[in-house]
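To keep things clear, I will list the structure first and then write my remarks on it.
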Amino acid sequence: YFTTTNLAGDVVATKVVPNIDFAWSDGNQPADGVAWNRFSARFSGTLIIENEGDYTFIITSDDGSRLYIDGTNVADQWESYGVNSKSTFRKLTAGEHTIRIEYRNIGGGTAKLKLEYWASAQNISRQVIPSRRFRP
């Protein structure tokens, strides 16, 4: 976590999270020393895919976010304000895939960030990626 809104400066806090599903507001700060209404964060981990197939990822944020899968920026809404969702379709092989999310909140309203996926051919309904499929 950074106290700037552009992922710059010193990292002021780190922590392991089980999945990406947050709503921060007054009295609910993202980490010690980080104000809920003006900060940025970078999350990274490994997504475990059991079966090769087509997957849809949905990232929802207030304010900006970027989603990278295996090093490729697949959903960029860095300049968005208010709650927005962006989806992307990816064909993934079975195994491990790297996930990175960059996030910023520049003030006002509740700070939100959520990463969901679904794959109808795999019988996976739209859901937050469960902790058993996401490893820090």
Side-chain angles (χ1 to χ4, degrees):
Y1 293 86
F2 301 84
T3 57
T4 64
T5 60
N6 60 356
L7 301 166
D10 294 331
V11 173
V12 296
T14 61
K15 66 184 195 179
V16 175
V17 297
N19 54 35
I20 305 297
D21 187 10
F22 304 107
W24 299 287
S25 60
D26 192 20
N28 178 22
Q29 64 193 63
D32 289 341
V34 180
W36 69 272
N37 62 348
R38 289 194 57 78
F39 73 98
S40 56
R42 183 177 297 118
F43 301 92
S44 59
T46 301
L47 174 66
I48 301 160
I49 296 294
E50 285 189 327
N51 299 302
E52 180 175 317
D54 298 327
Y55 292 80
T56 300
F57 293 86
I58 306 101
I59 187 162
T60 302
S61 62
D62 178 358
D63 289 307
S65 62
R66 296 179 182 129
L67 171 62
Y68 297 82
I69 299 176
D70 294 329
T72 300
N73 185 338
V74 298
D76 192 333
Q77 53 185 11
W78 197 246
E79 299 302 325
S80 70
Y81 298 93
V83 178
N84 278 318
S85 294
K86 187 160 190 169
S87 62
T88 185
F89 171 83
R90 306 297 293 176
K91 183 173 187 80
L92 296 177
T93 58
E96 297 182 351
H97 297 270
T98 60
I99 295 281
R100 185 174 84 231
I101 296 170
E102 297 175 344
Y103 172 77
R104 71 177 181 175
N105 185 36
I106 59 173
T110 300
K112 295 182 180 185
L113 179 63
K114 182 188 291 189
L115 178 62
E116 301 169 284
Y117 77 157
W118 65 277
S120 57
Q122 313 303 329
N123 292 319
I124 299 172
S125 60
R126 183 174 172 168
Q127 61 186 284
V128 171
I129 297 174
S131 59
R132 71 182 188 284
R133 299 280 172 244
F134 184 74
R135 226 181 26 232

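Scope of the values below: all heavy atoms of this structure, side chains included, with no hydrogens, waters or symmetry mates.
- Heavy-atom minimum distance, His97 versus Ile49: CD2-CG1, 3.8 Å.
- Although no hydrogens or angles enter the test, the distance criterion places a donor-acceptor pair under 3.5 Å between the side chain of Lys15 and the main chain of Pro30.
- Contact record, Ala31 with Tyr1: CB-CD1, 3.9 Å, taken as the closest heavy-atom pair.
- Using a 4.5 Å cut-off on side-chain heavy atoms (C-beta onward), Leu92 and Leu47 make contact.
- Distance check: Gln77 CD to Arg66 CZ gives 11.0 Å after rounding to the nearest 0.5 Å.
- With a 4.5 Å cut-off on side-chain heavy atoms, Phe2 and Val11 count as touching.
- In the model, Ser40 has no side-chain atom that pairs as donor or acceptor with a side-chain atom of Glu102 under 3.5 Å.
- A cation-pi contact, defined as under 6.0 Å to the ring centre and within 45° of the axis, is absent between Arg126 and Trp118.
- Here Trp24 contributes atom CH2 and Leu113 contributes atom CG; the two are 5.5 Å apart, rounded to the nearest 0.5 Å.
- Using a cut-off of 4.0 Å between Lys/Arg side-chain N and Asp/Glu carboxylate O, Arg104 and Glu79 are scored as salt-bridged.
- No donor-acceptor contact under 3.5 angstrom links the side chains of Thr93 and Glu52, judged on distance only.
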Inset, instruction - Tell me, with the steps shown, if Asp54 and Arg90 meet side-chain contact (heavy atoms from CB on, under 4.5 Å). - result: CA-CA 6 Å; Asp54 298 327; Arg90 306 297 293 176; over 6 Å; no
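- Side-chain N or O atoms of Arg38 include one that pairs as donor or acceptor with a backbone N or O of Ile106 at under 3.5 Å.
- To the nearest 0.5 Å, the span separating CG on Leu67 from CD1 on Ile99 amounts to 5.5 Å.
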Inset, instruction - Any chance you could lay out the ring-ring contact (aromatic ring centres under 6.0 Å, His included) test for Phe22 and Phe43, step after step, and finish with the verdict? - result: CA-CA 12 Å; Phe22 304 107; Phe43 301 92; 5.5 Å; yes
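- Side-chain heavy-atom separations under 4.5 angstrom define the hydrophobic clusters, and Tyr68 shares its cluster with no other residue.
- The distance from atom CG of Asp63 to atom CG of Asn84, rounded to the nearest 0.5 Å, is 9.5 Å.
- The backbone N or O of Phe39 lies less than 3.5 Å from no partner atom in the side chain of Asn105, so there is not a single donor-acceptor pair.
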Legend entry - Chi angles and distances behind the side-chain contact (heavy atoms from CB on, under 4.5 Å) call for Phe57, Ile129: CA-CA 9 Å; Phe57 293 86; Ile129 297 174; 4.1 Å; yes
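- With Asn28 contributing its side chain and Ala23 its backbone, the two residues share a donor-acceptor pair below 3.5 Å.
- Annotation: side chain of Ile58 is not in contact with side chain of Tyr117 (no heavy-atom distance under 4.5 Å).
- Scored by the side chain to side chain contact (heavy atoms under 4.5 Å, CB included) test, Val128 finds Asn19, Asp21, Lys114, Glu116 as partners (sequence neighbours excluded).
- Of the N and O atoms on the side chains of Thr72 and Asp70, not one donor lies less than 3.5 Å from an acceptor on the other residue.
- Note that CD1 of Ile101 and CD1 of Ile20 are 4.5 Å apart. Values are rounded to the nearest 0.5 Å.
- Taken from OH in Tyr103 to OG in Ser61, the straight-line distance is 6.5 Å, to the nearest 0.5 Å.
- Side-chain atoms of Gln122 do not come within 3.5 Å of backbone N or O of Ile124 as any donor-acceptor pair.
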